[in-house]
Amino acid sequence: VSIDVPRTPDRSDPQVSGFDPSQWAGPTVKTGKDVNPAAAEGANAYIRQTVMSMKGNTGEYIAKLYESNATSVPQILSKKSRSFVGRDPVTGQRMQAGGVYHTGKDTVKIAAGNIEHSITHEMGHQITSQKHLANMLGSKERAIKFNKEIDEAFTTAKVRQKRWLSDPDAAGGYPAVSDYGMKTVDEYIAEGFKYAVQNPERLARVDPELSKIMHRYFVGSKPVSVDDVSGFDPVAYAERLREARQAHAQRLREARGQQ
């Protein structure tokens, strides 16, 4: 006698009703010349961690975007790429960036070796750009409200920073998640999003208002660790990267020996 066993619904597809980010395989991440292909695995994991940490339809929005538009998916390039040569947004001095978001083409580029530190930050730039913010939040009015709250929080943070600079020994320590996050309001948003996903306790401690805003609009109450991303083993991944670096170094030595 055959017995019909109920199937668990497949919710891994962001186009399917009831999408579950924890079941999503994530996007295909492209790697550039001279980049260890294994880096794509790490990028995929941090993208999935970010999407899994988001609330409501915001994570689903990103998953759908990446599934439907490959050019929007973060790509990993060599640190030597000219894409990462830029200018400090305040001083104008030449600087080497760990990642960059191009608004016109809606592309995210991450320097190899900076995946953990830069990918969620650059995704923060992407989702809060004019191209996506209103669509992600569901209306222009909600996007305007978000920007107003951010501007007010940034202004308050700048006052705290000025006060701290005049008295670095004051209780509470540095009043922001990072110095770079205080450069401009755009960097303030991107750093706030990154820390809301990756280190929410620190964000809540140093900038409670920014933490509230990020959790109000984008990030769920219980962000997940990259260790919780199914199929990703950070230790094994680090070992594969190490082995690949050793193999690359060996090939270079052999090439020099043949000259």
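Not measured: the values here are computed from a predicted model.
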Legend entry - Same apolar cluster (I L V M F W Y, side chains within < 4.5 Å links), Met123/Phe19: yes
Inset, instruction - Look at the rings of Phe154 and Tyr188 and say which category their plane angle falls in: under 30° parallel, 30 to 60° tilted, over 60° perpendicular. - result: tilted
Legend entry - Criterion side-chain contact (heavy atoms from CB on, under 4.5 Å) against Ile189, the qualifying member of Ile127, Leu133, Thr128: Thr128
Inset, instruction - Could you tell me whether Gln130 atom CD has more than 12 heavy atoms of other residues or ligands within 6.0 Å of it? - result: no
Inset, instruction - Could you check whether the rings of Phe146 and Tyr217 sit parallel, tilted or perpendicular, using 30° and 60° as the cut-offs? - result: perpendicular
Inset, instruction - Using a strict 4.0 Å threshold on nitrogen-to-oxygen distance, state whether Glu152 and Lys148 make a salt bridge. - result: yes
Inset, instruction - Quick one: pull up CD in Glu67 and OG1 in Thr28 and give me the separation to the nearest 0.5 Å. - result: 8.0 Å
Inset, instruction - Could you state whether Ile115 and Val235 fall into the same hydrophobic cluster, counting links through intermediate Ile, Leu, Val, Met, Phe, Trp or Tyr residues with side-chain heavy atoms under 4.5 angstrom apart? - result: no
Inset, instruction - Please answer: with hydrophobic residues joined when any side-chain heavy atoms are less than 4.5 Å apart, are Tyr46 and Val100 in the same cluster? - result: no
Inset, instruction - Determine the interplanar angle of the Tyr237 and Phe232 rings, folded into 0 to 90°, and report it as parallel if under 30°, tilted if 30 to 60°, perpendicular if over 60°. - result: tilted
Legend entry - Hphob cluster co-occupancy, Tyr66 + Ile110, side-chain heavy atoms under 4.5 angstrom: yes
Legend entry - Rounded distance (nearest 0.5 Å) linking atom OG of Ser178 with atom CZ of Arg202: 8.0 Å
Legend entry - Atom pair OG1/NE2 of Thr71 and His102 - distance to nearest 0.5 Å: 12.0 Å
Inset, instruction - Enter the distance from Phe193:CZ to Leu203:CG here, rounded to the nearest 0.5 Å. - result: 12.0 Å
Inset, instruction - Report the residue from Arg142, Lys212, Arg216 that forms a salt bridge (charged side-chain N to carboxylate O under 4.0 Å, His left out) with Glu149. - result: Arg216
Legend entry - Nearest-0.5 Å distance that lies between atom CD in Gln126 and atom OH in Tyr101: 5.0 Å
Legend entry - Lys30 atom NZ, neighbour heavy-atom count above 12 within 6.0 Å: no
Legend entry - NZ-CD distance between Lys64 and Gln15, expressed to the nearest 0.5 angstrom: 5.5 Å
Legend entry - Ion pair Glu243/Arg240, N-O distance below 4.0 Å: no
Legend entry - Criterion salt bridge (Lys or Arg N to Asp or Glu O under 4.0 Å) on Arg205 and Glu201, from CA distance to verdict: CA-CA 6 Å; Arg205 184 174 68 253; Glu201 294 82 9; over 6 Å; no
Legend entry - Asp20 and Ser12, any side-chain heavy atoms less than 4.5 Å apart: no
Legend entry - Phe84 side chain near Lys109 side chain, heavy-atom distance below 4.5 Å: yes
Inset, instruction - Answer yes or no: are there more than 12 heavy-atom neighbours, outside Gln93 itself, under 6.0 Å from its atom CD? - result: no
Inset, instruction - Output yes when a side-chain donor or acceptor of Asp228 lies under 3.5 Å from a complementary backbone atom of Ser225, and no otherwise. - result: yes
Inset, instruction - Return yes when atom NZ of Lys183 has more than 12 non-hydrogen atoms of other residues, nucleotides or ligands closer than 6.0 Å, and no otherwise. - result: yes
